[in-house]
Amino acid sequence: MASMSGDHTPRLPEPDRPWMMRTYAGHSTAKASNELYRRNLQKGQTGLSVAFDLPTQTGYDPDDELARGEVGKVGVPISHRGDMAALMDGIPLGEMNTSMTINATAAWLLALYIVAAENQNPPTPPEQLQGTTQNDIIKEFLARGTYAFPPAPSMRLIADMIAYTVEHVPKWNPINICSYHLQEAGATPVQEIAYAMSNAIAVLDAARERVGPDVMEQVFGRISFFVNAGVRFVEEHAKLRAMSILWEELGRERYGVSDPRHLRFRYGVQVNSLGLTEAQPENNVQRIVLEALAVTLGRDARARAIQLPAWNEALGLPRPWDQQWSLRIQQILAYETDILEYPDIFEGSRVMEGLVEELLEGARAEMAVVAEHGGAVEAVPYMKGALVDSHRERIRRIEAGEQIVVGQNRFTESEESPLTADAEGGILVVDPALEAEQIEALRSWRAERDQAAVEEALARLAQVAGDESASENLMTATIDAARAGATTGEWSRTLREVFGSYRAPTGVGEASAAPGPGGADSDLGELRAEVARLQEKLGRRPKILVGKPGLDGHSNGAEQIAVRARDAGMDVVYEGIRLTPAQIAASALQEGVHVIGLSILSGSHRDLIPAVMDALRDAGVEAPVVVGGIIPEQDIAGLERAGVAAVYTPKDFDITRIMRDIVALVGAGAERSLLTAGGPSVNGSA
């Protein structure tokens, strides 16, 4: 950290330069997203932050079965070098700093970016490219779910990217150690610090095996972080100061780094989305502003790059106007306030120093637990279970009113908001016809390319990936495949065939059990009694299937429903993320479940929920279906027409009440079955 010891001047000689201002953006098509980027840059945005759609993030082409309903929804679809060229058209990549939120397929997207830069007029060589790939796969196993390959080959891909970029793309940050999604999954500040630092150790140790000791200091200096900042902005600022101290300690003590420039804790941030509410969404503006203070107020721990969420992200996809509002928040902080005019305003604060020490003590203890499990990769099941437990405790506090959320569990009286009064509820709605257009464009690309060159490049990629000595860097073969015209799905499928597939732990089994009847809270105790009465009626324990159709990897809500159902005394079938409608139907039939709960947060509910309902009917499953997720009000009637019994959105924060609704739903079905058939039905409900 910088210091002003011996210098008590209250102002800097010159105000600091503002941080890099980004907007996390991308949707529909590469062309539409390019137009959005260029408009945002004209509005004063100083860097790009690319949001990719889920098929791109997980390595599927738009015409894959798993991509159904997901194309262009939460980001831009990029299938090949032509798409990347269209995305960056007219944007001089030699002058731009581009952040790409991409993990499992990070090597592929960086390869496409390198090739797009080569083909611009004038061409930009790799050594001039500046930016960041998130590329943090351990976090994907823990919190976000957009992984593609097992842990060991995933870590090899990361290490190869680091080794390649340090030599050939030296201004590029090959990885953001990403604690952002850990907090979104329920992490406490101590867990966010500890798991992020443990993750960084695993990455650096893997990279050390791929580079010579003479460049390890340079490698350390290219590692950056992507953090979260919640509304408790004083504690959040202390968290960042603690991370800075730990990072410098790691560099000096574990990796022998001595250059102060390489020891700096460099981070970008998106402030908290978990705390944004569907109820009274206008309150989210205040939350976002306060969260931004955590990463801007203190000079010694100020963010290098910031992107702020939009006020309406708990409702659906933000529109360009909504994103402009968030950009203007940054610009007002930087250009109208005086925060950039002073040295570090927290230096010497006993309160801040005490908070930092408290967080450091807790983080070091938790890092020791991770190390005892064998390090971050081996400790994924432990950390996942701990995150599920922390998120469960957060929800319990909100349900009990111990943690106040204005507009949600207190001060709920409200005027009608004009912000959501339009026909689409104040959000961006992606044209469903775009998916078919993307599929047709992909088929045209395949028909017009040199197929022999593609097959040769993919065969070479498979050969390098399959070499047990791992002597060759995968980036070289990946870039060759990108130049040849291979697609995202082809690159990923080639590596899946070599590396195999993987399903990350759900954390549900690892999460600790709730207290027994004597120690449970009264609401859970009453719910258990209701489940026990239902069990008597059914003749066996009620069984729920919790399913995540499609590619949506945000599983926090599904995990909490599964844990609460288990704690209430129900049998739970939860197989994790990324299931097809047919797989959900087959599991429901085989398990003989009484009710099915589906969770979707990616905007694909209008396509996938009816598809699941059709698959269930075809399989002869009669269990009722309830749905939860970010589902706009105007879409609920359509889901009900498709046969959904109930729909829950973020405003329905009381999980115990949701579970009571589900118990009542199953009970009503059992009553109907007894009346019509004289006993329980095959599925235990009507």
Side-chain angles (χ1 to χ4, degrees), residues 98-100 102-115 117-118 125-140 148-178 199-226 247 250-251 254-257 259 261-263 266 375-377 457 460-483 491-492 494-495 498-499:
T98 302
S99 171
M100 293 192 279
I102 198 72
N103 294 278
T105 56
W108 176 246
L109 270 297
L110 177 59
L112 293 177
Y113 192 80
I114 290 170
V115 172
E118 291 173 348
E127 56 267 22
Q128 292 183 17
L129 296 177
Q130 300 180 73
T132 304
T133 34
Q134 193 166 102
N135 200 22
D136 179 356
I137 207 64
I138 295 176
K139 167 264 303 173
E140 294 300 317
F149 315 115
S154 295
M155 294 300 288
R156 177 189 169 188
L157 271 170
I158 292 171
D160 277 6
M161 271 189 71
I162 292 171
Y164 186 89
T165 54
V166 165
E167 182 177 356
H168 300 288
V169 200
K171 296 180 180 180
W172 195 266
N173 300 318
I175 184 170
N176 260 160
I177 303 297
C178 184
N199 185 352
I201 290 170
V203 168
L204 286 163
D205 286 356
R208 188 157 50 181
E209 297 177 5
R210 305 294 283 172
V211 301
D214 55 320
V215 296
M216 197 59 202
E217 181 153 332
Q218 189 178 351
V219 167
F220 192 89
R222 295 315 307 171
I223 305 299
S224 60
F225 286 73
F226 188 70
W247 184 240
L250 273 177
R254 189 180 182 97
Y255 300 104
V257 179
D259 189 330
R261 295 171 302 168
H262 294 151
L263 288 166
R266 300 181 307 120
V377 176
R460 175 64 181 150
L461 175 68
Q463 180 184 15
V464 174
D467 179 3
E468 292 185 5
S469 69
S471 58
E472 291 190 58
N473 193 306
L474 280 162
M475 278 302 299
T476 303
T478 293
I479 293 170
D480 288 344
R483 289 193 183 109
W491 177 84
S492 300
T494 299
L495 293 184
V498 177
F499 294 153

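Numbering starts at 1 and runs along the sequence shown. Just so you know, these numbers use all the heavy atoms, side chains as well, and skip hydrogens, waters and symmetry mates.
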Review point. Given Thr494 and Phe499, is the side chain to side chain contact (heavy atoms under 4.5 Å, CB included) satisfied, shown in steps?
Key: CA-CA 9 Å; Thr494 299; Phe499 294 153; over 6 Å; no

**Study point:** Backbone N/O of Pro174 and side chain of Thr133: donor-acceptor pair under 3.5 Å
**Key:** yes

Review point. Ala376 and Ala202: which non-hydrogen atoms are nearest, and at how many Å?
Key: CB-CB, 4.0 Å

Revision key, fill the gap. Scanning both residues in full, the closest heavy-atom pair of Thr165 with Ile162 reads OG1-O, 3.2 Å

Practice item. Give the ring-plane orientation class for Trp247 versus Phe225, where under 30° counts as parallel, over 60° as perpendicular and anything between as tilted. Key: perpendicular

**Study point:** Validation row: Phe149, Thr105 side chains within 4.5 angstrom (heavy atoms)
**Key:** no

Review point. Any side-chain heavy-atom pair from Leu263 and Phe220 closer than 4.5 angstrom?
Key: yes

Check your understanding: Can you name the closest pair of heavy atoms from Pro126 and Val169 and give their distance?
Key -> O-CG1, 3.2 Å

Check your understanding: What residue pairs, at least two apart or across chains, pass salt bridge (Lys or Arg N to Asp or Glu O under 4.0 Å) with a residue in residues 160-172?
Key -> Arg156-Asp160, Asp160-Arg210

Check your understanding: With no hydrogens and no angle check, is any side-chain donor or acceptor of Tyr164 less than 3.5 Å from a backbone partner on Leu474?
Key -> no

Point to revise | Arg254 CZ to Met216 CE distance, which is reported to the nearest 0.5 Å | key: 9.5 Å

**Study point:** Test item: Leu157 and Ile137 side chains (from C-beta on) under 4.5 Å apart, heavy atoms
**Key:** no

Check your understanding: Within the distance-only criterion (no hydrogens, no angle test), does the side chain of Asn473 pair as donor or acceptor with the backbone N or O of Met475 below 3.5 angstrom?
Key -> yes

Point to revise | Audit row: Ile114, His168, side chain to side chain contact (heavy atoms under 4.5 Å, CB included) steps and yes/no | key: CA-CA 11 Å; Ile114 290 170; His168 300 288; over 6 Å; no

Exercise for review: Give a yes or no on whether the backbone of Ser224 and the side-chain of Asn173 come within a donor-acceptor separation of less than 3.5 Å.
Suggested key: no

Review point. What are the two closest non-hydrogen atoms of Glu140 and Asn103, and how far apart are they?
Key: OE2-ND2, 3.1 Å

Check your understanding: For the residue pair Ala117 and Leu129, what are the closest heavy atoms and their distance?
Key -> CB-CD2, 3.7 Å

Revision key, fill the gap. Interatomic distance, CG@Leu110 vs OG1@Thr132, rounded to 0.5 Å, equals 10.5 Å

Practice item. Report the distance from atom CE of Met100 to atom CH2 of Trp172, rounding to the nearest 0.5 Å. Key: 4.0 Å

Practice item. Would you give the length of the straight line joining atom CG of Leu112 to atom CD1 of Ile102, rounded to the nearest 0.5 angstrom? Key: 10.0 Å

Practice item. Kindly assign one of parallel, tilted or perpendicular to the pair Trp108 and Trp491, based on the angle between their ring planes and the thresholds 30° and 60°. Key: parallel

Exercise for review: Indicate yes or no for a side-chain donor-acceptor contact from Asp136 to the backbone of Ile177 under 3.5 Å, with no hydrogens or angles considered.
Suggested key: no

Review point. Judged by atom type as modelled, is there a donor-acceptor pair below 3.5 Å linking the side chain of Glu217 to the main-chain atoms of Asp259?
Key: yes

Exercise for review: Taking all non-hydrogen atoms of both residues into account, name the closest pair between Arg222 and Val166 and its distance.
Suggested key: CG-CG2, 4.4 Å

